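The structure under discussion appears below in the form of structure tokens.
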Amino acid sequence: MWRGFSHLLKKDFRMMISGKFFLLALLSLCLYSGYINFVYAKLDQKIFPVCLYDPQGRLPDVSEYVTKLDSREALKAACADQYSVGIDLSHAEPEIYMLSCGMETTDHYRMAWGEAILHGNVDGQAERIGANTREMKNRREITAEFLFFELTAVGFLGLASMLFKEKQMGVIRVHGILPVCRGVFILSKLLLLLCSDLVFTILLTVINLGVSEAVEALVGVLLQAGILSLIMALVGFLCAVRLPDFKQFSLFYLILAVFVTTPVFLAGQTGMKWNWIVYHPMYHLFEAMKGAFFLTPMTKAPYYLACAGTIILLFLLSYQTLNREMAKEG
């Protein structure tokens, strides 16, 4: 069996090379790292602009972040962008005026910033966020997100593209009559894809976090990357065996990208609150990945048991589906 396994590994490795798999991974690594290092890590988002209407001059020490206006109408117009915060001191009680941006967390920060300006509690913008500088916080955040969505796409599409190519070449029909264990046929692809994903994870993390920070985070990050890689690869394998051609598979992937991963991105990146998101399995994988990058693991034993059970179940389903496919071919 193991001799056949080594031949399968060599065959699958050659297919990955011929399919430009490693070249695409390298290009993705360069693209992500270039964006992170030269764009995202240097972002310094300005604090919410504050507009002040103070006809009696009750707030003489105006912060550098405040723009004075001469009417209530001008204050409302300035806050119409749903980003600015207005302070109205024309009445006995100060009023903070703003229009909701639709995200509760952001509105809370805007309100807190307006109250800080009103009471003079402004010491400038934060240089550190928790244990990280602003730049390192940005690096950890965006690297986790890029890695999550890269592994989601590569695991699903990478293995499936190999399998569709093999189906067109008649490889599955040949393997149906060869004395090779069908489980080994799946394992060879999983192993190669897992190893390539782990190498990609190491390179992306080291390049964008730096060696010292990467070493601290890599144990947890590699664990989460391995879980995500295996799950998505098995889902891609199962769909590729079940669906007759790559066009239908591409449509299924589009549905996956729009309706499965997009809500996870919106919930994680924009702060949008949906009560139902806790029932979304990909959301927990996403949060586990971010927690590993920030050295704050939020996962417990039930999470790992669920992941292990999912991987075993997907492997068994893939094995049974491959058996039926080989029976039809043979």
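Keep in mind that what you see is a predicted model, and the values were worked out from it rather than measured.
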If hydrophobic clusters are built by linking Ile, Leu, Val, Met, Phe, Trp and Tyr wherever their side-chain heavy atoms come under 4.5 Å apart, do [X] and [Y] end up in the same one?
X    : Y    : result
V50  : Y83  : yes
Y35  : L209 : yes
F286 : L295 : no
F21  : I17  : yes
L31  : F149 : no

Has [X] got a side-chain atom pairing as donor or acceptor with [Y]'s backbone, closer than 3.5 angstrom?
X    : Y    : value
S33  : C30  : no
R140 : F293 : yes
H280 : M282 : yes
R139 : N208 : yes

Tell me every residue that passes side-chain hydrogen bond (donor to acceptor under 3.5 Å, both in side chains) with [X], counting only those two or more places apart in sequence or in another chain.
X    : value
S318 : none
E150 : Y32
S90  : D88
E95  : R72

Can you give the donor-acceptor pairs under 3.5 Å from side chains of residues 219-238 to other protein atoms, not counting sequence neighbours?
unit_1 : atom_1 : unit_2 : atom_2 : d
Q224   : OE1    : Y303   : OH     : 2.7
Q224   : NE2    : Y304   : OH     : 3.1
S229   : OG     : D197   : OD2    : 2.5

Review point. So which heavy atom on S196 is nearest to which on M16, and how close?
Key: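 Where S196 meets M16 most closely, the heavy atoms are OG-CE, 4.1 Å.
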Review point. Any idea which heavy atoms bring L9 and L192 closest together, and the distance?
Key: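 That closest heavy-atom pairing would be O-CD1, 3.5 Å.
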Point to revise | Residues which pass salt bridge (charged side-chain N to carboxylate O under 4.0 Å, His left out) with E216, listed by chain and number, not counting sequence neighbours | key: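 E216: no salt bridge (charged side-chain N to carboxylate O under 4.0 Å, His left out) contacts found.
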Between atom [atom1] of [X] and atom [atom2] of [Y], what is the distance when rounded to the nearest 0.5 Å?
X    : Y    : atom1 : atom2 : answer
T310 : F315 : OG1   : CZ    : 15.0 Å
T205 : F146 : OG1   : CZ    : 13.5 Å
D70  : L75  : CG    : CG    : 10.5 Å
I311 : L316 : CD1   : CG    : 12.0 Å
T201 : L218 : OG1   : CG    : 8.5 Å
L198 : L151 : CG    : CG    : 8.5 Å

Review point. Should the ring pair F22 and F13 be called parallel, tilted or perpendicular, given that the plane angle runs from 0 to 90° and is split at 30 and 60?
Key: tilted
Exercise for review: From the options L52, V66, I96, select the one residue that forms a side chain to side chain contact (heavy atoms under 4.5 Å, CB included) with V85.
Suggested key: I96
Check your understanding: Any side-chain heavy atom of L147 sitting closer than 4.5 Å to one from M289?
Key -> yes
Exercise for review: Could you check L89 against I87 for side chain to side chain contact (heavy atoms under 4.5 Å, CB included), going step by step and ending with a plain yes or no?
Suggested key: CA-CA 6 Å; L89 296 180; I87 300 178; 4.1 Å; yes
Check your understanding: Should the pair K290-E145 be classified as a salt bridge under the 4.0 Å nitrogen-to-oxygen rule?
Key -> yes
Exercise for review: Let me see the working for I186 and Y319 under side chain to side chain contact (heavy atoms under 4.5 Å, CB included), right down to the final yes or no.
Suggested key: CA-CA 8 Å; I186 303 172; Y319 181 81; 4.2 Å; yes
**Study point:** Stepwise side chain to side chain contact (heavy atoms under 4.5 Å, CB included) test for F294 and K137
**Key:** CA-CA 8 Å; F294 280 94; K137 183 260 183 186; 4.1 Å; yes
Review point. Run the side chain to side chain contact (heavy atoms under 4.5 Å, CB included) check on N37 and I207 step by step: do they pass?
Key: CA-CA 9 Å; N37 284 280; I207 291 172; 4.2 Å; yes
